[in-house]
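This report concerns only the one structure given below.
Worth saying up front: this structure is predicted, and the values here are computed from it rather than measured. Throughout, a chain's letter reflects where its sequence line sits, starting with A, and its residues are numbered from 1.
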Number of protein chains: 2
Amino acid sequence: MLRGTKKVPVSSKLPLDQILVGDCVEHMNALPENSVDLIFADPPYNLQLRGELHRPNNTRVDACDDAWDQFSSFAAYDRFTRAWLAAARRILKPDGAIWVIGSYHNVFRLGAALQDLDFWILNDVVWRKTNPMPNFRGKRFTNAHETLIWAGKTEAGKYTFNYEALKELNDGLQMRSDWVMPICSGGERLKNRAGEKAHPTQKPEALLHRVIVGTTNPGDVILDPFFGTGTTGAAARRLGRHFIGIERESDYIEVAQDRLARVVPYEADALKVTGSKRAEPRIPFGSLVERGLLRPGEELWSFNGRHKAKVRADGTLIAHDARGSIHQVGAALEGAPSCNGWTYWHFRRDGQPVPIDMLRQQVRSEMQE
Amino acid sequence: MLRGTKKVPVSSKLPLDQILVGDCVEHMNALPENSVDLIFADPPYNLQLRGELHRPNNTRVDACDDAWDQFSSFAAYDRFTRAWLAAARRILKPDGAIWVIGSYHNVFRLGAALQDLDFWILNDVVWRKTNPMPNFRGKRFTNAHETLIWAGKTEAGKYTFNYEALKELNDGLQMRSDWVMPICSGGERLKNRAGEKAHPTQKPEALLHRVIVGTTNPGDVILDPFFGTGTTGAAARRLGRHFIGIERESDYIEVAQDRLARVVPYEADALKVTGSKRAEPRIPFGSLVERGLLRPGEELWSFNGRHKAKVRADGTLIAHDARGSIHQVGAALEGAPSCNGWTYWHFRRDGQPVPIDMLRQQVRSEMQE
DNA sequence: TGGAATTGTGAATCCCGAT
DNA sequence: CATCGGGATTCACAATTCC
C-alpha cells in the first residue's frame, strides 16, 4: 500500500487456513479483536459429570445426593464455557456470528452463557438425525437430535443470512429451524491407522455446508476453536472460505491435516449463490416516466382493481384523496402501514394489467448491457 | 381405614381435579412434599418482542405481548424460574418427573436451572411443528419447533416410562426425541366470548396426550403450575389421570372450567388412532449437494443430451442462459411451461448418464432406516 | 349445493441506507 | 445518534365468501 491512510485488511494478520496447536482460549486471545466473520464451535459435551463419580480413595460419590459436588462440576463446565466464549466474542467482527452445537447435557449451559455474555440468539436449530443410535435399554426416548444455537455478536449486529440461497436449498420454501440429516458414517467417517474411528463425535460435512452457505460469504474467515478432525475446515475450504482451526490433540490434528490436503475447492462460479433483491440497483419510479415507459397522466390500477391513480411528471402518483410516491399512495389507499408500490400498481397493456415492476426489470436489464 | 398403621394415601390431602387461583409458588408451598407424580409446566417464555410485526400482506401479527410475559432482565427471569422450580421439586414424589416447555428465548435458562436444582435431565424433546408461522421478513430460519425438557426429580429416581405404549403410538418403532405435530388451531383452539383466541399460547392436546401416556400411569396426579386454559387438565381427565391446576388469570380459569366440564374421559376402546402414514418425504435437491452426492460445479445433462447445466452450492443450476431450480432451468431450456427436473437431469457415473432421481431414492431409503 | 377463490392467522426477540 | 422513506417479505390450514 502506498498510502499510509489505507487500512490493511485485518485478515492479513490472521493465521489463515492453518491449525493452531494448543489451548483455544490462549490462541484466541492472541488474535486481533474484531477480525473473524464466523465462529463454529463443537465444544466438549460433558466434562466429568460421570467420570468424577469416584473419589481418590475409590469410594463412589452419590452425585445426586451431593449437591456441592454436582454444583461444582456444572460450575467448572460453566467457567470453561464462559472463558472460551468470551475469547471468541472478542475476536468476532461486530457483524459476526457464532454457531455452537450441543446435546441436552451441555446445550443449556451454552445457551445461558451466550445470553449472559450479550450474544444475541438468532435461532436455535435442531439437527434431526435420520439414523440415530437407538436407546438400547428402552428407558428413554431415542436421542435423535442435537441442538445448534446461532447467535450474533450483539443485538444490533448485521449478521450474514443468505435467505434466498437457503430457500433454494430447501426447494423453494424458506429454511426451517429443523434440519434432517444423517449422522457422519460410511466413507465420510475418518479412521485412524488402526482402523478405528479417528474422532468420537465427527460431524457430517452436510451440516457445515448448510451453516457456511447460509451464514457466510465467499472469502470470509471461519474459526473453529474445537477443530477435531477438521470438518469445519474441510467444508470451508470446499466452499471458498478461509478457516482457522484450534486443536489440542495431536492425533486429531494429524488426521485433519491429511483430510484438508485432499480437499478440492469447488470452482468459484459454483459458489455464487442466489442473491437478495435488496442487492439489486435501485431504480427510481420517476426514471420510468423520464424514459417514456409510463406517460404522465397515464392511469395505474391497484393489483386488486379496487383503486386507481394517475402518474405525474415528477414520478409521483395522484389518487382521489392521496398523493405521493407509488408506495405512499398504495399504503394510503389500502390503509396499510406500508406498501410495495412496484408490485401493487399495474398499468394496462393490450387490455391486460401488467405490474409496473415489469418495467423496472426492463430498465435493470438495459443497465447491465 | 381400620388399621391405624396403614398410611393414608398422600393424594387424599391434595386438591385433586381443581384449579387453584393465584400464585403458583405460594400454592405449591402449601401442598405436602413428595405428593405429586408429574409436573407439566409451560411457563412464560420472556419473548422480549420489540415493535409490531406485519405479514407481507400488511396484516398485523397478534403478538404475545401480555404483561405476564414481561421480565426486566435475564436475572429477573432466572429468579422467577428458580423459585417455581424449587417449589415444584419439593412436592414431587421421589420417583416423580417434570416436563417443561420453552423456546430459545427461555429454554436455556430453564434447562440450566433444572440442572442447578439437581433435577436429572432424561431427554430433551423437540416439538417439530407441521405448520409454524413463517419468518415474514426473511431474516432468520422459520422458528419451526419448541423444546421440551423431561427430567427426573433426582438421578436415582425411578421415573415412569411406558416404553411399549410409546412404541405402539409410533407404529412399532421406538419413540424418538422429535415429535411432529401441528400447532393448536381450528376447533381445538378455544375462543372467548368476543370470538378471539382465549389464550395466546394454547398447546395442542396431542402434545399432552403423548406426555401423559408416555410418562404417567392411570390414577397419577399431574400438576400444572401455569394452567392457562387447561390443556393439561383436559388431557389428564380424558386419560384417567388426576390434575391440579394453578392459574392467576381469571379469564383463563373461566375458559378452563368450561372446557373441563365438557371433557368426557376415554373408555379403553375409545382411544384415538394415529393418522395415516404421510406421503413420501420431500427431498430438496439442495440436500443432495449438502450431502456431497453432487458437487458444486458438477455438470448435469438433460435426458436427451441436448442441454447441460452446472450445479451451484445452493442447489440451483446455472446454464447458458438460465438459472434457478432444477425444474425451472429444465423448463426454460426446453421452452416448456414446466419440467420435472428429477427425471430430466442426469449426472455421469462411470461414463453413463444416471438420472438424479436415483440419488433422491438413495436419500429416501437412508431416511427410512 | 358444491367447488373455487379469498381471507384469516399462528409463542416472532423479523430492514436498511441516506441524511 | 435519530429520522425518514423506499420497498422487501410467508407457509400450512381452517374458515368464509363467492359463483
With the side chain defined as heavy atoms from C-beta on, B:Arg137 is closest, among D:dT9, C:dA11, D:dT10, to D:dT9
Rounded to whole Å, OH of B:Tyr252 lies from C1' of C:dA11 at a distance of 12 Å
Side-chain atoms of B:Tyr104 come closest, of D:dA8, C:dA12, C:dA11, to C:dA12
Regarding the side chain of B:Asp69, the nearest nucleotide among D:dT10, C:dA11, D:dG7 is C:dA11
Looking only at atom P, what distance separates D:dT10 and C:dC16, rounded to whole Å? 15 Å
The nucleotide from C:dG10, C:dT13, C:dA12 with an atom nearest the side chain of B:Arg140 is C:dT13
Please classify the nucleic acid contact of B:Pro132 as base, sugar-phosphate, or nothing, using heavy-atom distances under 4.0 Å. base
The nucleotide from D:dC11, C:dA11, D:dG6 with an atom nearest the side chain of B:Ile183 is C:dA11
From the candidates C:dG10, C:dT13, D:dA8, the one with an atom nearest any side-chain atom of B:Met133 is C:dG10
>> Looking only at side-chain N and O atoms, does B:His145 offer a donor or acceptor that is under 3.5 Å from a partner on A:Asp124?
In response: yes
When rounded to whole Å, the CG to C1' distance for the pair A:Asn304 and C:dT6 reads 12 Å
Taking OP1 and OP2 of C:dA11, is either one under 4.0 Å from a side-chain nitrogen or oxygen of B:Arg189?
yes
The nucleotide from C:dA12, C:dA11, D:dA8 with an atom nearest the side chain of B:Leu49 is C:dA12
Next item on the list: With heavy atoms under 4.0 Å as the rule, sort B:Arg55 into base, sugar-phosphate or nothing.
Entry: base
Between A:Gln328 and A:Gln174, the residue closer to the 5' end of DNA chain D by nearest nucleotide is A:Gln328
